[in-house]
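For reference, positions follow the sequence shown, starting with 1.
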Amino acid sequence: MNSKKSFSSLLLMLISIPIIALIAGSVVNFITTKTNYSNYIALGGAIVSVVLIIIVLSLCKIKNIVIAIIYSFLVGTSVYMVHTYGDYVRFGKELAIEQNLTDTSETKALADKFLESETGTSGVCGYVKYVAKVGIITKSSKSHQVTKHEGADAWMEIGFDLLSYVAVSIGCIYYYMKDKKKEELDETANGALNQKN
């Protein structure tokens, strides 16, 4: 691959990270607002991510598995961050409703002030700390059982969500790239056999 094509591919991959994160993160946030079932939310976001990652890797003609895995890691982490930011925004809106605020421009300031007082940190990081502090409630889609994760369990749930995005993306891309390499080797071998005949 020449340097112009390599640069173009790299540029496309870098530009696509926030685009994929916004698309998959928006899907996850839509699912979150429409259902109380949290077991499959991260998995749904990861699947959307994988489809979009495969499209970008195909467009860029990426054959290096290490580059594909690093790219998948960056996309998975970015999708998690968009999803968490959506939760943070919803949290701010809920606080504003509780405080009877009608001016939505004050929502972020209200949320940040509250989070700073509760966790010592504002923004999305403060929100994640607050969620871990008060606990995460999950609802199983099969048994409709509601579970509250607190303390270390809450941090494990947060870690599991992040890991779901990243691990599923990396795992799927690894097998996709492995199959792609195998196809290339088969084509090369078939080409060599045809030349012999």
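The side-chain heavy atoms of Met13 and Ile67, taken from C-beta on, include a pair separated by under 4.5 Å.
Note that the CD1 atom of Ile54 and the CD1 atom of Ile62 stand 14.0 Å from one another [nearest 0.5 Å]. Considering NE2 of His83 and OH of Tyr88, their distance stands at 15.5 Å, rounded to 0.5 Å. Expressed to the nearest 0.5 Å, how far OG of Ser58 lies from CD1 of Ile53 amounts to 11.5 Å. The NZ atom of Lys61 sits 11.0 Å away from the CG atom of Leu12 when rounded to the nearest 0.5 Å. For the atom pair CD1 (Ile20) and OG (Ser72), the distance works out to 9.0 Å, reported to the nearest 0.5 Å. Distance CG/Leu110 to NZ/Lys93: 13.5 Å, rounded to 0.5 Å.
The hydrophobic cluster containing Met81 does not contain Ile15, counting ILVMFWY residues as joined when their side-chain heavy atoms lie under 4.5 angstrom apart, directly or transitively. If you chain together hydrophobic residues whose side chains sit under 4.5 Å apart, Leu57 and Ile19 fall into the same group. Residues Val56 and Leu11 share a single hydrophobic cluster, defined by chaining ILVMFWY side chains whose heavy atoms lie under 4.5 Å apart. Hydrophobic clustering (ILVMFWY, side-chain heavy atoms < 4.5 Å, transitive): Leu59 and Val51 are in one cluster. Clustering ILVMFWY residues whenever any of their side-chain heavy atoms sit less than 4.5 angstrom apart, transitively, puts Val28 in a cluster other than the one holding Val82.
Listed by first and then second residue, the side-chain hydrogen bond (donor to acceptor under 3.5 Å, both in side chains) pairs that reach into residues 10-19 are Ser16-Tyr71, sequence neighbours excluded. Applying the salt bridge (charged side-chain N to carboxylate O under 4.0 Å, His left out) test to every pair with at least one member in residues 14-30, sequence neighbours left out, gives no pairs at all. Sorted by first and then second residue, the salt bridge (charged side-chain N to carboxylate O under 4.0 Å, His left out) pairs with a member in residues 164-176 form an empty list; sequence neighbours excluded.
Nearest heavy atoms, Ile17 versus Ser78: CG2-OG, 3.4 Å. A pairwise comparison of heavy atoms in Ala96 and Thr107 identifies CB-OG1, 3.9 Å as the closest pair. Across all non-hydrogen atoms, the minimal contact from Ser49 to Ala24 is OG-CB, 3.5 Å.
Not a single side chain to side chain contact (heavy atoms under 4.5 Å, CB included) links Ser26 to another residue, sequence neighbours left out. Judged as a side-chain hydrogen bond (donor to acceptor under 3.5 Å, both in side chains), and not counting sequence neighbours, Ser8 has no contacts.
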Show me the donor-acceptor pairs, under 3.5 Å and distance only, between side chains in residues 118-128 and residues at least two apart or in other chains.
from	atom 1	to	atom 2	distance (Å)
Glu118	OE1	Lys133	NZ	3.1
Thr119	OG1	Leu115	O	2.8
Thr119	OG1	Thr121	N	3.2
Thr119	OG1	Thr121	O	3.0
Thr121	OG1	Lys129	NZ	2.8

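Within a 6.0 Å radius of CZ in Phe91, more than 12 heavy atoms belonging to other residues, nucleotides or ligands are found.
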